[in-house]
Protein chains: 2
Amino acid sequence: MENKTERFEKLLVKNGLKRTAPRLQVLEILSGRDSATSQPYLEQVMGKDADRVTLYRVLQAFEEKGIIHKVLDQQGTANYAICSDGCSAHEHHDEHVHFNCDNCHKIYCLDAVKVPALKVPAGFKVEHLNLIATGICASCSDKVN
Amino acid sequence: MENKTERFEKLLVKNGLKRTAPRLQVLEILSGRDSATSQPYLEQVMGKDADRVTLYRVLQAFEEKGIIHKVLDQQGTANYAICSDGCSAHEHHDEHVHFNCDNCHKIYCLDAVKVPALKVPAGFKVEHLNLIATGICASCSDKVN
DNA sequence: ATGTTAATGCAATTATGTTGCAAATATAGC
DNA sequence: GCTATATTTGCAACATAATTGCATTAACAT
């Protein structure tokens, strides 16, 4: 099996992006986490390895290319997660449910849970559905017990 | 029928809030619009009638009392709409679908559309559901034709 | 190896949200 | 109506988040 860094490099090239240190680092961090990652957290982890501005631009480029997708938590903070393979710049397939834990504030992508179809009033044309559930995640529920 | 301002004054008193000019003005503006209203828009419309800080505090107080509810649009900007009558400080009944128009960027509260029940993985406890649809609203669809 | 383009880092700017405090104002009690 | 009191406002300062322009650096095609 090819290693992770190689996969990331291919991913960048495929999307016409040069394989630079900050970009690889962002992919490393995001892939190593089980939930969506906030911009502030990324900024903190990367420290002085990359400028704050660079981070913004990396995230923006990744989002445009469909490499990552953005989820806003209940506070309006941007959180990022690597898209499933089906995504591209032209078409995002990230219509799964996101779960925002009130306790640990993690955001989980519940890929397994599909967003149900929706009836909207006449005239409205739905392009995307964005369903965010809030509550207590499995990990936090366990800790209480 | 009692007039609008009287209704608003009663609403404030009922919630233990004094009837001040900025608060009434916010209620006026929100009630006069068919979609949720962004903080920046409110700030612009109110101009020098009220300080920016006051606006933040008015919105915060209203939200705590259940007079308005906040919806974040796809950019993470806060938008506010007056709650339906069932809401109070203790219990928000705003789990209807919000529709974010990609064209005019209005946010509609589709009170008629209920958020469907959801199956989540074991261990997760859902408290609230927040469903935002994006697309083209009825008004913008009409204009194209 | 080198030229070209893309990407980064820095500085400056703008936007957005918060806190503390003094002055102003709503209203309850007289 | 007047006064006391607690709330609310407005200002100033601060804190945080995000954007822009530009010079330098680095990737990679040739």
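Quick note on labels: first sequence line is chain A, next is B, and so on, each numbered from 1.
Residue Q60(B) places none of its side-chain N or O atoms closer than 4.0 Å to OP1 or OP2 of dG17(C).
We find that CG of L72(B) is positioned 14 Å from C1' of dT16(C), with the value rounded to whole Å. When the C1' atom of dT27(C) is taken as reference, atom CZ of R19(B) falls 9 Å away, rounded to whole Å.
End-to-end axis angle of the helix from dA1(C)-dT30(D) to dC30(C)-dG1(D), from C1' rotation axes over five pairs per end: 40° (rounded to 10 degrees).
Within the 4.0 angstrom heavy-atom criterion, base atoms lie near R52(A).
Under a cutoff of 6.0 Å and an axis angle of 45°, R33(A) and Y41(A) form a cation-pi pair.
Taking every heavy atom of both residues into account, F8(B) and S31(B) meet most closely at CZ-OG, 3.4 Å. Nearest approach of Y80(A) to Q39(A), heavy atoms of both residues: CE1-CB, 4.3 Å.
L131(A) is connected to F124(A) through a chain of hydrophobic side-chain contacts under 4.5 Å among Ile, Leu, Val, Met, Phe, Trp and Tyr, so both are in one cluster.
Under the 4.5 Å side-chain criterion, counting only non-hydrogen atoms from C-beta, R23(B) is in contact with K18(B).
Taking the 5' to 3' direction, DNA chain D first and last meets chain B under 4.0 angstrom from a heavy atom at dA6(D) to dA12(D).
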Verdict with reasoning, L118(A) to V97(B), per side-chain contact (heavy atoms from CB on, under 4.5 Å): CA-CA 9 Å; L118(A) 204 69; V97(B) 175; 3.9 Å; yes
C137(B) and K106(B): CA distance, side-chain angles, deciding distance, side-chain contact (heavy atoms from CB on, under 4.5 Å) verdict: CA-CA 8 Å; C137(B) 73; K106(B) 280 189 182 177; 5.8 Å; no
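For T134(A), there are no side chain to side chain donor-acceptor pair (under 3.5 Å) partners at least two apart in sequence or on another chain. Considering only residues two or more places apart in sequence or on other chains, N103(B) meets the side chain to side chain donor-acceptor pair (under 3.5 Å) condition with none of them. With sequence neighbours excluded, no residue forms a side chain to side chain donor-acceptor pair (under 3.5 Å) with D51(A).
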Footprint string (nucleotides 6-11 of chain C, 5' to 3'): B base within contact, S backbone only, - free, heavy atoms under 4.0 Å: SSBBBB
